[in-house]
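Quick notes on the structure that follows.
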Protein chains: 4
Amino acid sequence: MADGRPLRADARRNRERLLSVARAAFAGEGLSVPLDEIARRAGVGPGTLYRHFPTKESLFEAIVHDRLRQILHDARARGTSTDPGEALFGFIDGLVAEARLKQDLIDALASAGVDVSPSMAVTGAGIRDAIGDLLDRAQRSDAVRPDVTIDDMMALLSGLLFALRPQSRYKADAGRLLAVLRAGLR
Amino acid sequence: MADGRPLRADARRNRERLLSVARAAFAGEGLSVPLDEIARRAGVGPGTLYRHFPTKESLFEAIVHDRLRQILHDARARGTSTDPGEALFGFIDGLVAEARLKQDLIDALASAGVDVSPSMAVTGAGIRDAIGDLLDRAQRSDAVRPDVTIDDMMALLSGLLFALRPQSRYKADAGRLLAVLRAGLR
Amino acid sequence: MADGRPLRADARRNRERLLSVARAAFAGEGLSVPLDEIARRAGVGPGTLYRHFPTKESLFEAIVHDRLRQILHDARARGTSTDPGEALFGFIDGLVAEARLKQDLIDALASAGVDVSPSMAVTGAGIRDAIGDLLDRAQRSDAVRPDVTIDDMMALLSGLLFALRPQSRYKADAGRLLAVLRAGLR
Amino acid sequence: MADGRPLRADARRNRERLLSVARAAFAGEGLSVPLDEIARRAGVGPGTLYRHFPTKESLFEAIVHDRLRQILHDARARGTSTDPGEALFGFIDGLVAEARLKQDLIDALASAGVDVSPSMAVTGAGIRDAIGDLLDRAQRSDAVRPDVTIDDMMALLSGLLFALRPQSRYKADAGRLLAVLRAGLR
DNA sequence: GATGAATGAGCATTCATTCAT
DNA sequence: AATGAATGAATGCTCATTCAT
């Protein structure tokens, strides 16, 4: 996988299917879903799953890493906006919208104590920096209260995503929660 | 345990010790800590643990149930306050403060898909009602924006507790997060 | 197992049975016999095997270590003999006799490349020293040719045990092989 | 492979490379080296390995069979010598010398319980007869003690090769071990 | 012929639960 | 009541073998 060689068509198909089945399974039933079950749902043998993801953790990582890269990309793209307040809040809106589509697992994984691998940590740190930049700019333009730190911000975002995860007991409205957050950060 | 017979003194001591060891273990290392390990740390045999908590889930429940009763009691007590805004926000402050002391597991359990037993559901519903009452009063006295629903509120609280749980990667300040929430709900 | 506490009677019985079943299975069918199979033959569940021997290697070790200790004891006991030649050759005779009774695994294990644990290495080194002492004395009393080293001696013994292991294709006579070795070492 | 068709040049090269890689891998790391690993080291896919050796055992056999043919040839060639003692001992010397070069696996395989296939058994029986002939002649010319049987001889040789296999813990000197054997057989 | 992806039975190990002491 | 040994289903992972490309 480390070399640049493209996967054979069937291998790529299996890899994609495994990832999407795993994402759904972990999101819906928790991280303890057996790998054999994921393989079964993807219509492959456990050995095939192993060929693509040699350990359970590597499967977690693959799922999370893809997502983290998207988030990082979006945060950076918004860093050049001329409206720093909207840059930050637009980013958060997008985060929430995507999370609902993708049934985000990031914090479920984090809360379950899955070790963040070095490469994930790098992407994660990149995200933190990019969001820190958005926060800074928003604070300098008086769009956000100045006492909030980047750690506060990250925690608020993780809490927001947690509150809105689809399996939640509570049928909260994403728009209202985002409005509360915007108002609170002003 | 279902009958009303009081436990022998040593049995009660064991039960308490098991609960506190289990709470710490689950909070610190996740829900997958083996029961044998919890028994060992509590200085009893696994058979003794079983006598008190016939299944792992019953141990989860016992931990959560105690806590839910406290929360319910506090929410109800504040329902008679003359300052409805402070009643709600004071309740939230207390919730956060207690959660940090008790290393709350409630949402970790919920997010891991642990089934809420009927008796827990009753207590949980009671809490929801009591908080709904606090919210109602606060909204009627214009201390809280009127569009927020009880589901929104519950989700916000779960997100807040999640954001502030001790194992979080982010060193957020509880006071600032509470301030953001207060401002946002106004 | 590390503390001095004696095992409960049933636990000891199971442990003994597991050891003897494992010894026979490994000797007869090689080291790849599944642990489940060993447990089954001993009439216990795999979990019980695990309780006594947490890894497959620890089971190997338990088998070999017992045997190594016996050998060490015998080699040392013969170190004080007044007839150094007979001390060495008597030791070898005993080794062969015991090996046939016990269906020796030592060299099967060694040949399979099982990593020798620290504690086994210590016992093994003790044996080497004790046999080295027997060899020294025998050489000083002119009972054994002086050019043979302790490494040669150990290799010869391992080859002898290998040649005489019960599963061998060849029906060699132990007495004649011992006679050849004695004559050759003179 | 069963038909007489000669292999294409590249196929023959692959076959040779696989055999030599496998010999080294099995000798160095034991028989449990995965076939995928051997294929990888030989620079071919596992499917190619399979085309040449349809089962793992057939690979073992191919390795051993080549070697057995050489041994048989040498034993027979020495059967016509005019010095029967030197014929036998020279054969043994050659056996040991070759074994060290080829990192012999024969007895490792035998001891691991690999079934000797019919074709190997034939060659093996031929070797036994040829060595039996060398032994007979040596005994009739009084170069070897008369009580030693062909089974004893085969066992001694297997033990000797075992004692001198490169992975042995003991750094024995081949010359001294051969000298001891010669002296013992006189 | 070669490649490497897929298969799936098999293995060591884990752990919630049961039960003899 | 407590203990801790035993149980056995389940899980992550391996690897000899097969087969589509």
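Naming convention: chains lettered A, B, ... in sequence-line order (proteins, then strands); numbering from 1 in each chain.
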Which sits closer to the 5' end of DNA chain F, T48(A) or L49(B), going by the nucleotide each is nearest to?
->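 The residue mapped nearer the 5' terminus is L49(B).
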
Return the residues of residues 33-43 of chain D meeting this criterion: a heavy atom under 4.0 Å from some atom of DNA chain E. Order them by number, or give none.
-> none

Kindly point out which of dT7(E), dA12(E), dT17(F) is positioned nearest to the side chain of V44(A)?
-> dT7(E)

Distance col, row I63(C):CD1 vs L68(C):CG, nearest 0.5 angstrom, shows 12.0 Å

Atom OG1 of T48(C) and atom CZ of R17(C): how far apart are they, to the nearest 0.5 Å?
->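 One gets 10.5 Å once the value is rounded to the nearest 0.5 Å.
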
Toss me the dot-bracket line for DNA chain F: Watson-Crick and G-U wobble, both under 3.5 Å, 5' to 3', using | for pairs to another strand and [ ] for crossers.
-> .||||||||||||||||||||

Please name all residues satisfying salt bridge (Lys or Arg N to Asp or Glu O under 4.0 Å) with D66(B), sequence neighbours left out, ordered by chain then number.
->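 Here the qualifying residues are R69(B).
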
So which heavy atom on V33(D) is nearest to which on F26(D), and how close?
->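 Scanning both residues, the minimum pair turns out to be O-CE2, 4.1 Å.
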
Taking all heavy atoms of L31(C) and all of K56(C), pick out the closest pair and write down the distance.
-> O-NZ, 3.1 Å

Output a table of nitrogen or oxygen pairs between the protein and nucleotides 18-21 of chain E separated by less than 3.5 Å.
residue	atom	partner	partner atom	Å
dT18(E)	OP2	Y50(B)	OH	3.0

Mutual orientation of the aromatic rings belonging to F162(D) and F162(C) [parallel < 30°, tilted 30-60°, perpendicular > 60°] | parallel

Examine dG1(E): is either OP1 or OP2 under 4.0 Å from a nitrogen or oxygen in the side chain of N14(D)? Give yes or no.
->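 Answer is no, no contact under 4.0 Å.
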
Within less than 4.0 Å of OP1 or OP2 of dA1(F), is there a side-chain N or O belonging to H52(B)?
->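 Checking dA1(F) against H52(B), no side-chain N or O comes under 4.0 Å of OP1 or OP2.
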
Is the closest side-chain heavy-atom distance between D36(C) and R40(C) below 4.5 Å?
-> no

Is there side-chain contact between E61(D) and V64(D), with at least one heavy-atom pair below 4.5 Å?
->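 Not touching, per the 4.5 Å side-chain cut-off.
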
Backbone N/O of A9(A) and side chain of R12(A): donor-acceptor pair under 3.5 Å =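 Checking the backbone N and O of A9(A) against the side chain of R12(A), no donor-acceptor pair under 3.5 Å is found.
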
What is the separation between atom [atom1] on [X] and atom [atom2] on [N], rounded to the nearest whole Å?
| X | N | atom1 | atom2 | value |
| --- | --- | --- | --- | --- |
| K56(C) | dC11(E) | NZ | C1' | 8 Å |
| R17(A) | dA6(E) | CZ | C1' | 12 Å |
| F53(A) | dG12(F) | CZ | C1' | 16 Å |

Residues in side chain to side chain contact (heavy atoms under 4.5 Å, CB included) with F53(B), at least two apart?
-> R15(B), L18(B), L19(B), L49(B), S58(B), L59(B), A62(B)

Hits for side chain to side chain contact (heavy atoms under 4.5 Å, CB included) against R41(B), two or more places apart or cross-chain, chain-then-number order -> V21(B), A25(B), E29(B), E37(B)

